Structures are given as C-alpha cells and as structure tokens.
2 protein chains.
Amino acid sequence: MSATTKDILSRVRMMIPPLLSKFHKGQLGRVAVIGGSEDYTGAPYFSAMASAKLGCDMSHVICTPTAAQVIKSYSPNLMVHPYMRSSPSPSSPSLTTDASTEPHSLASRIIAMLSRLHVLVIGPGLGRDPLMHDTCALVITAARERGMPIVLDADALLIVQNKPELVRGYKLAVLTPNVVEFDRVTKALGIEDDGTSETGRVEKLARALGGVTVLQKGKKDFLSDGEKTMVVDWEGGRKRSGGQGDTLTGLQASDLTDEVHNAFMNIFGEVDVDGDEGDETGGAARL
Amino acid sequence: MSATTKDILSRVRMMIPPLLSKFHKGQLGRVAVIGGSEDYTGAPYFSAMASAKLGCDMSHVICTPTAAQVIKSYSPNLMVHPYMRSSPSPSSPSLTTDASTEPHSLASRIIAMLSRLHVLVIGPGLGRDPLMHDTCALVITAARERGMPIVLDADALLIVQNKPELVRGYKLAVLTPNVVEFDRVTKALGIEDDGTSETGRVEKLARALGGVTVLQKGKKDFLSDGEKTMVVDWEGGRKRSGGQGDTLTGLQASDLTDEVHNAFMNIFGEVDVDGDEGDETGGAARL
C-alpha cells in the first residue's frame with residue numbers, strides 16, 4: 001500500500017459520522033433507488049440494501065407495481081413505492097389510463113418525495129422502457145434543481161447518453177459505468193478513443209459532461225471529475241456476478257448523504273490528489 | 001476409485017477456469033432456464049440457482065408471469081423474465097390477445113435474449129401445456145442455429161420425443177432422462193429393448209438422435225454420445241427428492257459455458273475414454 005493510499009484511507013475513516021444520541025430517525029441518511037421493472041428486481045434490492053447496511057437510516061425503492069410486490073418480499077427493511085410504470089403493451093392492456101402512462105403525472109409523485117430524501121440512485125434494474133426513462137429524466141431535472149446528489153448506473157446511463165444536458169455541468173451527478181457501458185457512453189457523446197491512457201479517457205468523459213464525477217469500474221477503478229483522478233488499483237475479489245455494481249451504487253449513495261458528504265468536504269477539500277503534477281493525463285492519485 | 005476415475009477427475013479439476021482480474025461481468029457464464037409454470041416454481045429455481053452457485057456470473061429464468069412473481073421472491077440473485085404463456089383456459093380468459101397466445105410472438109422475446117446467453121436449460125418445471133411446448137420448440141431451433149448448448153430435461157423430453165428432428169444431429173444438445181423418462185423417450189423413438197446392456201441402450205438413444213449427449217440418471221449414471229460412454233458408478237447420496245435432477249441441469253449448464261467448454265475440449269479432446277476397446281457395447285470408461 002502506497003503512502004498516498006494510506007493517507008487517503010485514514011481520511012476515509014474520518015468520514016464516518018459519529019452516532020450522536022441527539023440524532024433522530026433519518027438524520028444519518030435517506031436514500032431512494034429508482035429501478036425495478038418487469039425483468040429486474042434483484043438489482044434495486046441490492047442497491048437499497050447496501051445503503052442500509054452501510055448505515056443509512058432509511059432506504060427506499062421506487063419501481064413498478066409488480067416489481068414492488070417482489071422487492072417488498074425480499075426484506076421488510078426497505079420502503080418500496082410502486083410509482084413507476086412501463087409503457088402499455090398489447091399483452092398488458094390494463095395500463096391505459098392517462099395517469100399511468102403520462103410521465104409528468106408519474107414523476108410528480110416521486111418529485112413530491114424528494115424533500116424527504118438526501119440522495120437518489122437511478123438505474124439498478126430500470127430496464128430500457130421509454131416511459132420509465134422519460135419519467136426518470138423529469139425526476140433528474142427536479143433533483144438537480146434541489147441540489148440533490150444523483151448516482152446514475154446501468155440503464156440510466158442510456159438516459160444520460162441520449163440527453164446529456166440533464167446532467168451536464170452538475171457536480172453532484174455520479175456516473176458509474178462498467179467497461180461496456182463506458183464505451184457506449186463515450187461513443188454516444190462523440191468522444192474519440194485517441195489512444196490516450198485509461199485515466200485520460202475517464203477525464204475526457206467527465207469533462208465532456210461539464211465536471212460530473214465518473215467512476216469507471218474494471219480491473220482498476222478510475223474516479224474522476226475531469227480535473228483530478230483517483231485510481232483504485234487494489235486487487236479486490238475477482239468474481240464479477242450480476243448485482244455487484246448495484247451494491248456499489250447503494251454504498252456510494254450512503255457516502256453522499258449530508259453528514260458524510262460534509263465530512264468528505266472537510267477532510268478531502270484540502271487533499272491534493274494530484275500526486276504527480278507532471279503526469280500528462282492530469283495526474284492520478286493511487287488509492 | 002479406479003485409475004481411470006482418478007485420471008478423469010484430475011482432468012475435471014483442470015476444467016475449472018481461472019478467475020482473471022481482467023474479466024468483466026458475464027464473461028464467466030450466462031445461463032437461462034426455461035421452465036416455471038402454473039404448477040411448478042421450485043424446479044427452475046433449483047436449476048438456475050445451481051448454475052449461480054457453481055460460479056456462473058448471470059443466471060436467468062424464463063417462465064410464466066405468475067410463476068415469475070414467486071421465483072423472483074426466492075432470491076434476488078436470479079433474473080426472472082415472465083415471457084412464457086400457457087394456453088388460454090376457461091378459468092383464465094384474460095390471456096386472449098394474439099400476442100400472448102401465439103408461439104412465434106412469445107418465442108421472439110426469448111430469441112432476442114439468446115445473443116446475451118451462453119447456455120439454455122429447457123424443462124425444469126415446464127409442464128405439458130401445448131403453447132409452452134410450441135414456444136420452446138421455436139427457441140430450440142433458434143438456439144441451435146446459433147450453436148448454443150442446450151440441456152433438455154423433464155417435460156422438455158416430451159418435446160424431443162414428439163419432434164426428434166429438433167435436436168437430431170445436434171452435438172450440443174444434452175438430454176438428462178431419469179429411468180422413467182428414458183423408457184418413455186426410447187419407446188417413443190421406436191428403440192427396442194433387445195436385452196442389451198444398460199450402456200448399449202444409452203448409446204442406442206444417443207445414436208438414434210444423431211450424436212446428442214444422453215445422461216441417463218439412475219443407480220449408475222450413463223453419459224454417452226453414442227460413440228463413447230462414461231459410467232458414473234460412485235455411490236452418491238441415496239435420497240431421491242424432487243429437485244435433484246433440476247439441480248443437475250443447472251450444474252451441467254455451468255459446465256457448458258464458453259470458458260469451461262473450451263477447457264473441456266482442451267483437456268478431454270485427447271483422452272481415450274474407451275477404456276476397453278474390445279467391449280461390444282462400444283466401451284465405457286468408469287468414472
């Protein structure tokens with residue numbers, strides 16, 4: 001472990017907020033995961049449950065009604081809200097009322113929850129349905145207006161690549177693409193792979209989106225806001241099962257709740273993560 | 001344990017692919033089980049879960065909507081797709097639109113998934129509904145065109161005995177009949193029991209289907225492609241509960257994913273499993 005890594009880890013430990021007896025329910029984190037659809041129920045469960053296990057006081061899932069029934073059955077620790085709808089299909093003709101197919105109407109119930117939340121995760125088990133994506137786009141805009149941190153993963157990255165203006169310039173947006181998703185997003189945004197370093201490619205994407213945070217997952221993990229980049233080059237577990245990325249999003253959400261985020265700013269606001277100023281890729285601290 | 005058995009087992013150990021840090025999600029196995037119906041939800045769960053526990057990165061189940069709700073609730077580790085439909089009945093008149101009773105339309109959603117999968121298991125908890133079987137037949141044809149390994153068990157063996165041309169000559173089809181199913185299939189295909197050895201009967205079935213792999217489960221297990229036969233004569237557990245055969249299909253599917261199958265070909269491509277060339281039944285290695 002390098003000296004930089006040791007230093008960063010010791011600061012990370014300081015980020016863990018104390019449990020004060022004066023705290024009341026919800027003060028140490030209220031997270032909601034938007035995802036969970038006809039095909040996927042495990043992903044939002046792993047994400048929300050990870051936030052709870054890392055210490056969030058309240059963990060919500062917002063998904064379709066059939067997914068909600070299942071996710072509720074996984075654990076009584078999650079609050080699961082069946083507010084999302086997928087587009088009506090010939091095989092499910094019952095969902096044809098205006099209220100259930102109009103994205104503004106659907107989004108309004110979710111937006112009404114935002115004042116009670118600290119962080120949104122959008123994407124785990126979301127799927128690719130257009131109505132689901134349109135609803136999410138409206139929620140992203142509303143969350144941004146309120147200055148809420150948003151973690152975007154999985155199929156929510158398609159929303160970003162189709163409408164990059166939703167997050168462009170928003171410093172509290174975090175994108176967590178894996179290798180395949182990273183290639184797709186960069187191509188969609190017209191970022192050419194000019195043979196630069198891995199660090200350089202991540203920084204390019206973060207800059208193209210005006211300084212959002214990009215966490216590219218892979219053999220090494222790269223975390224960049226376009227200016228500074230951290231490289232996680234520890235070797236972790238080598239299994240790559242479905243669900244691991246979802247767990248990561250929930251952990252990140254917990255790290256972005258008010259208490260932890262304030263601690264982060266106090267602790268890392270002063271750290272120079274550009275370990276090597278002469279590095280042509282912009283400098284990367286090794287974690 | 002015989003010398004041959006020891007040799008085969010040591011080679012089997014070599015088949016286990018290494019976990020490389022460069023791998024990404026799904027590279028070490030993507031399996032889907034088609035099964036799960038009004039009456040059966042445990043069977044496809046055991047099958048898909050066995051593939052996950054043996055190490056597959058992603059395990060799917062494709063079943064009817066009511067079965068899907070239940071199977072999803074067993075575990076968030078499986079991805080469960082409610083794409084199958086059984087024939088409309090007087091007691092379930094709601095499923096009467098074209099899309100939900102037309103096998104080509106139903107199969108098309110499943111066939112669209114095939115490019116993202118390595119191996120199909122068809123049969124656990126499938127039942128005998130004609131629409132379910134017609135849908136499976138179309139999926140088998142599409143999977144065969146793509147060169148995907150297919151494990152067929154339980155009621156999917158009825159599809160094979162009614163339409164043997166679906167798998168005839170397809171070397172990547174594996175049939176796993178128990179004693180009762182074996183008798184039914186051989187009778188349906190007009191294979192007479194002329195008093196030959198057990199090994200000979202299994203080889204006859206494999207040859208009648210043009211070199212598919214037959215795994216006959218029983219007191220001993222016989223594994224044959226019509227040319228070579230292995231006999232598993234170890235005494236395993238003596239309990240014969242429902243679900244054991246389903247578990248076996250999921251384990252086999254994991255063994256047929258690209259990485260493991262390539263390792264198998266490297267390791268067993270050269271082994272002479274015909275331990276006794278003079279054996280009139282074609283020779284059987286004892287495992």
Side-chain angles (χ1 to χ4, degrees), chain A residues 36-50 61 63-75 78 88-94 124-125 127 154 177-183 216-221 233-248, chain B residues 17-32 48 51-85 94-102 105-106 108-110 112-113 116 259:
Chain A
S37 55
E38 181 185 33
D39 287 317
Y40 307 112
T41 54
Y45 165 77
F46 287 126
S47 179
M49 210 62 200
V61 173
C63 59
T64 62
T66 50
Q69 290 295 100
V70 173
I71 298 167
K72 286 167 186 282
S73 79
Y74 290 148
S75 170
L78 304 178
S89 72
S91 62
S92 60
S94 60
N178 61 25
V179 173
V180 175
E181 291 159 346
F182 184 86
D183 285 344
Q216 186 195 4
K217 305 170 287 187
K219 183 180 174 185
K220 296 178 187 174
D221 301 319
D233 56 3
W234 276 2
E235 187 179 333
R238 291 187 177 183
K239 198 83 181 74
R240 298 286 179 268
S241 322
Q244 292 180 325
D246 307 307
T247 299
L248 179 66
Chain B
L19 283 174
L20 302 182
S21 56
K22 67 176 182 180
F23 281 165
H24 53 78
K25 182 174 77 172
Q27 223 166 336
L28 278 184
R30 300 186 291 268
V31 163
S51 75
K53 289 190 175 179
L54 195 58
C56 263
D57 282 350
M58 306 173 84
S59 299
H60 301 257
V61 173
I62 301 167
C63 60
T64 62
T66 50
Q69 287 297 99
V70 174
I71 298 166
K72 284 167 187 280
S73 78
Y74 291 150
S75 170
N77 290 301
L78 304 179
M79 285 163 282
V80 185
H81 310 277
Y83 299 167
M84 296 290 285
R85 295 289 184 278
S94 60
L95 295 176
T96 49
T97 62
D98 282 350
S100 59
T101 61
E102 206 289 303
S105 161
L106 292 168
S108 67
R109 284 188 86 180
I110 301 167
M113 287 179 68
R116 296 182 281 131
E259 293 285 340

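None of these values were measured; they are calculated from a predicted model. Letters go in sequence order (proteins before strands), and every chain restarts at 1. Below, all heavy atoms of this structure are taken into account, side chains as well, without hydrogens, waters or symmetry copies.
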At their closest point, which heavy atom of [X] faces which heavy atom of [Y], and how far apart are they?
X	Y	value
A:Tyr74	B:Lys72	OH-O, 2.6 Å
B:His24	A:Arg240	C-CB, 3.9 Å
B:Leu19	A:Lys239	CD2-CD, 4.3 Å
B:Pro76	A:Phe46	O-CE1, 3.5 Å

* For chain A, which residues from residues 57-70 of chain B have at least one heavy atom closer than 4.5 Å to it? -> B:Asp57, B:Met58, B:Gln69
* Heavy atoms, side chains only, cut-off 4.5 Å: are A:Ser241 and B:Lys25 in contact? ->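 In short, these two side chains do not touch, never coming nearer than 4.5 Å.
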* To do: Taking the side chain as every heavy atom from C-beta outward, state whether A:Tyr40 and B:Val80 have any pair of such atoms under 4.5 Å apart.
  =>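 They are not in side-chain contact.
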